[in-house]
Undergrad: 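I'd like to ask some things about the structure below.
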Amino acid sequence: MAALTSPNEICGMLAGNSGVVEKIIPITNISNSPSTYKMDPQDQISAFYQLEQLNYELIAFYHSHPLSPPYPSHTDLTEWTYPEIPSVIIGLNINQWRIRGFLLSGHGFLQIEVKTS
């Protein structure tokens, strides 16, 4: 994902069917920050429209941690509003990008398996 070279967090949606990602939908991070993200509301609406048009389900949201390992931050936990939708975090761990999936809530997180090919 070339956008990972950005100094700021990236974010978006992962879409597909039966748990298999078939489309990555980037969404603008209007925070323009290396340590937080806020999805552009218009981009989110467009992304949900794409899901409907393509007959895809929302598999997960994703965002990056360009300055830290891929684990939920305090902000991720307290601001997460989709407890039933997984969050995929792409982060740096010893200078290598890693991907981890989580179910988040204000009370904590549960790591889930993410298969990549």
Undergrad: Testing the basics here: between P72 and L104, what is the closest heavy-atom pair and its distance to 0.1 Å?
TA: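 Between these two residues, the closest heavy atoms are CG-CD2, 3.5 Å.
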
Undergrad: Side chain to side chain donor-acceptor pair (under 3.5 Å) with Q96: which residues, sequence neighbours excluded?
TA: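 So Q96 forms a side chain to side chain donor-acceptor pair (under 3.5 Å) with R98.
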
Undergrad: Crowded around Q53 CD? As in, over 12 foreign heavy atoms under 6.0 Å?
TA: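 Buried by this count: over 12 neighbours within 6.0 Å.
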
Undergrad: Considering all heavy atoms of both residues, which atom of L54 and which atom of K23 are nearest to each other, and what is their separation?
TA: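 In terms of heavy atoms, the two residues are closest at CD1-CD, 3.5 Å.
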
Undergrad: Should the ring pair Y71 and F102 be called parallel, tilted or perpendicular, given that the plane angle runs from 0 to 90° and is split at 30 and 60?
TA: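 It falls in the tilted class, 30° to 60°.
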
Undergrad: Any ring-ring contact (aromatic ring centres under 6.0 Å, His included) involving residues 41-60? Give me the pairs, sequence neighbours left out, ordered by first then second residue.
TA: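 ring-ring contact (aromatic ring centres under 6.0 Å, His included) check on residues 41-60 returns no pairs.
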
Undergrad: So do L51 and E57 actually touch side chain to side chain, heavy atoms under 4.5 Å?
TA: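 No, their side chains stay 4.5 Å or more apart.
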
Undergrad: Per the ring-ring contact (aromatic ring centres under 6.0 Å, His included) rule, what does the pair list look like for residues 18-39, sequence neighbours excluded?
TA: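 Output for this query lists Y37-H63.
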
Undergrad: Among the clusters formed by ILVMFWY side chains lying less than 4.5 Å apart, do W80 and V88 turn up in the same one?
TA: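 They do not share one cluster, since no chain of ILVMFWY contacts under 4.5 Å joins W80 to V88.
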
Undergrad: Rounded to the nearest 0.5 Å, what's the gap from CD1 on I89 to OH on Y62? Could you check?
TA: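 Answer for the CD1-OH pair, I89 versus Y62, is 13.5 Å.
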
Undergrad: So do P66 and E9 actually touch side chain to side chain, heavy atoms under 4.5 Å?
TA: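 Of all side-chain heavy-atom pairs linking P66 with E9, at least one is under 4.5 Å.
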
Undergrad: Minimum heavy-atom separation for E22 and N17, please, with both atom names.
TA: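 Scanning both residues, the minimum pair turns out to be OE2-N, 3.4 Å.
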
Undergrad: Quick check: closest heavy atoms across R100 and V114, and the distance to 0.1 Å?
TA: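 In terms of heavy atoms, the two residues are closest at C-CG2, 3.9 Å.
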
